[in-house]
Amino acid sequence: QLQLVESGGGLEQPGGSLRLSCAVSGSIFKIYVRRWYRQAPGKERELVAAITSGGSTNYTDSVKGRFTISRDNAKNTVYLQMNSLKPEDTAVYYCKSWVLAGTAPYRYLEVWGQGTLVTVSS
């Protein structure tokens, strides 16, 4: 069974830091682009950061210089290091990956984590 399990969310003060993790488990042949999204109450979901299988990264303007996306291929895990947190970063954060799953012939799937809540408040 293919799963994405997120962890690392919680309550942090403005200016503080959190690190989110998203681990893929199951029968995976290859992982392609990995992304972090977030959705605040009453707002649309937005892309926060992405990393390709080749290591290229991209960030939304509001988090550039504060957030860093990285990966550990041996653990099939992607991370989002969040520094200098602001109240407007408060949201449920979701990871998403495109994968080739199962055994040959592989199935190309978009898979989502369950979400982890980040609250930034003094």
Side-chain angles (χ1 to χ4, degrees):
Q1 185 69 41
L2 182 64
Q3 294 183 348
L4 271 66
V5 179
E6 299 182 33
S7 63
L11 175 65
E12 186 56 78
Q13 295 185 350
S17 298
L18 288 171
R19 189 174 78 157
L20 308 183
S21 300
C22 178
V24 179
S25 64
S27 181
I28 302 296
F29 179 74
K30 184 175 177 64
I31 303 176
Y32 295 95
V33 178
R34 308 197 70 174
R35 295 186 173 97
W36 286 98
Y37 295 83
R38 66 185 180 188
Q39 187 166 21
K43 299 182 66 177
E44 295 183 354
R45 184 172 57 195
E46 66 171 338
L47 176 65
V48 177
I51 186 168
T52 70
S53 59
S56 298
T57 60
N58 194 22
Y59 303 91
T60 191
D61 287 342
S62 63
V63 308
K64 286 181 178 178
R66 301 189 298 119
F67 291 10
T68 303
I69 187 171
S70 62
R71 62 183 181 176
D72 184 338
N73 289 337
K75 298 180 179 179
N76 286 333
T77 300
V78 64
Y79 305 94
L80 185 67
Q81 178 67 47
M82 304 183 294
N83 298 326
S84 301
L85 284 165
K86 303 176 180 179
E88 51 263 43
D89 295 320
T90 296
V92 177
Y93 285 71
Y94 300 90
C95 63
K96 184 184 77 173
S97 297
W98 285 98
V99 305
L100 283 178
T103 57
Y106 306 106
R107 182 165 174 80
Y108 190 48
L109 296 174
E110 179 189 69
V111 292
W112 288 84
Q114 83 282 3
T116 184
L117 177 63
V118 171
T119 302
V120 183
S121 179
S122 60

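From a predicted model like this one, the values you see are computed outputs, not experimental measurements.
- Residues Val48 and Tyr37 come closest through the heavy atom pair CG2-C, 3.9 Å.
- Annotation: side chain of Met82 is in contact with side chain of Leu80 (closest heavy-atom distance under 4.5 Å).
- Between Trp36 and Phe67, a ring centre-to-centre spacing not shorter than 6.0 Å is recorded.
- Side-chain contact between Leu4 and Ser97 is present, with heavy atoms from C-beta onward closer than 4.5 Å.
- Between the side chain of Thr77 and the backbone N or O of Lys75 there is at least one donor-acceptor pair closer than 3.5 Å.
- The two residues Thr52 and Arg71 make their nearest non-hydrogen contact at O-NH1, 2.9 Å.
- Lys64 NZ to Thr57 OG1: the interatomic distance, rounded to the nearest 0.5 Å, is 9.5 Å.
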Does the pair Thr60 and Leu47 meet the rule for a side-chain contact (heavy atoms from CB on, under 4.5 Å), with working shown?
CA-CA 7 Å; Thr60 191; Leu47 176 65; 6.0 Å; no
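- Under the rule for a side chain to side chain donor-acceptor pair (under 3.5 Å), the partners of Asp89 that lie at least two apart in sequence or sit in another chain are Arg38, Arg66.
- Under a hydrophobic clustering in which Ile, Leu, Val, Met, Phe, Trp and Tyr are joined whenever their side-chain heavy atoms come within less than 4.5 Å, directly or via other members, Trp112 and Val92 fall into the same cluster.
- Residues Tyr79 and Tyr94 do not share a hydrophobic cluster, defined by chaining ILVMFWY side chains whose heavy atoms lie under 4.5 Å apart.
- The hydrophobic cluster containing Val118 also contains Ile69, counting ILVMFWY residues as joined when their side-chain heavy atoms lie under 4.5 angstrom apart, directly or transitively.
- Summarising the geometry, atom CG belonging to Leu109 is positioned 8.5 Å from atom CG belonging to Leu100; distances are rounded to the nearest 0.5 Å.
- Connection of Val111 to Val78 is not established within any shared hydrophobic cluster, with ILVMFWY side chains joined at heavy-atom distances below 4.5 Å, either directly or through further cluster members.
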Could you list the donor-acceptor pairs under 3.5 angstrom formed by side chains in residues 11-32, with sequence neighbours left out?
residue, atom, partner, partner atom, Å
Ser17, OG, Asn83, OD1, 2.8
Ser27, OG, Gly102, O, 3.3

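- Each of Trp98 and Leu2 belongs to its own hydrophobic cluster when Ile, Leu, Val, Met, Phe, Trp and Tyr are linked at side-chain heavy-atom distances under 4.5 angstrom.
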For Glu110 and Lys96: C-alpha separation, side-chain torsions, deciding distance, then whether side-chain contact (heavy atoms from CB on, under 4.5 Å) applies.
CA-CA 7 Å; Glu110 179 189 69; Lys96 184 184 77 173; 3.1 Å; yes
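- The shortest heavy-atom contact between Gly115 and Glu6 is N-OE2, 3.2 Å.
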